[in-house]
Amino acid sequence: QVQLVESGGGLVQPGGSLKLSCTASGISFSIYAVYWYRQAPGNERELVAGIIRGGSVNYADSVKGRFTISRDNAKKTVTLQMNSLKPEDTAVYYCNLGGMSGHWGQGTQVTVSS
């Protein structure tokens, strides 16, 4: 049974930082591209960042220069370091393996507010 467990969300002031982590089990993690998506109330789920098995990364324009995605295949973990957070980053963040038809975590809430 595949499980993706996210952690690290919370409440942070504008300009602050958070680090999200997602640990996988029950799956050959290293062969998958892994992604972080987010969904704000009333909005569609959007891609935030992705990292393929070879290590190449891509980011949404809205987070470039502020967010960093990384993976540790030995630990079956993907992280998202989020710096210089803005109120518009407020959303539920989801870990994903394999794309939209792949495997999803349960989501973790990130709230950026003063």
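Nothing here was measured: the structure is a model prediction, and the numbers come from that model.
For Glu88, the CD atom sits in a packed shell: over 12 heavy atoms of surrounding residues, nucleotides or ligands are nearer than 6.0 Å.
What you find for Ser17 and Ser84 is that their closest heavy atoms are OG-N, 4.4 Å. Of all non-hydrogen atoms in Tyr35 and Gly50, the two that sit nearest each other are CD2-CA, 3.5 Å.
Classification of Lys86 and Asp89 as a salt-bridged pair fails, no side-chain N sitting under 4.0 Å from a carboxylate O.
Counting only distance, with no hydrogens or angles, the side chain of Asn73 and the backbone of Lys76 share no donor-acceptor pair below 3.5 Å. No side-chain donor-acceptor contact under 3.5 Å links Ser113 to the backbone of Thr111. The closest donor-acceptor contact from the side chain of Arg71 to the backbone of Val78 lies at 3.5 Å or more, if one exists at all. Panel note: side chain Thr90, backbone Val112; a donor-acceptor pair is recorded below 3.5 Å.
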*Assess whether side-chain contact (heavy atoms from CB on, under 4.5 Å) is satisfied between Leu47 and Asn58, documenting all intermediate values.*
CA-CA 10 Å; Leu47 177 65; Asn58 65 288; 3.8 Å; yes
*Evaluation steps, side chain to side chain donor-acceptor pair (under 3.5 Å), between Thr77 and Asp72*: CA-CA 5 Å; Thr77 298; Asp72 185 331; over 6 Å; no
*asked:* As a quick check of understanding, evaluate side-chain contact (heavy atoms from CB on, under 4.5 Å) for Leu18 and Leu85, giving each step before the final call.
replied: CA-CA 8 Å; Leu18 283 174; Leu85 283 161; 4.1 Å; yes
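Between Tyr37 and Met100, some side-chain heavy-atom pair lies under the 4.5 Å cut-off. Within the 4.5 Å cutoff, the side chain of Met82 has heavy atoms near those of the Tyr93 side chain. Side-chain contact between Gln106 and Glu6 is present, with at least one heavy-atom pair separated by less than 4.5 Å. Taking the side chain as every heavy atom from C-beta outward, Pro87 and Pro14 approach each other to under 4.5 Å. In this structure, the side chains of Thr68 and Leu80 stay at 4.5 Å or more apart for every pair of heavy atoms. Side-chain atoms of Ile27 and Leu97, non-hydrogen and from C-beta on, do get closer than 4.5 Å to each other. Contact check for Asn96 versus Leu4: no side-chain heavy atoms found under the 4.5 Å cut-off.
Relative to the ring axis of Phe29, Arg53 does not place its NZ or CZ within 45° and under 6.0 Å from the centre. The cationic group of Arg38 does not satisfy the cation-pi geometry with Tyr94, failing either the under 6.0 Å distance to the six-membered ring centre or the 45° limit from the ring axis.
Of the listed residues (Ser21, Ser70, Ser7), just one forms a side-chain hydrogen bond (donor to acceptor under 3.5 Å, both in side chains) with Thr79, and that residue is Ser70.
The hydrophobic clustering, which links ILVMFWY residues whose side-chain heavy atoms are closer than 4.5 Å, places Val34 and Val57 together.
No close placement of the Phe67 and Trp36 rings is indicated, their centers lying 6.0 Å or farther apart.
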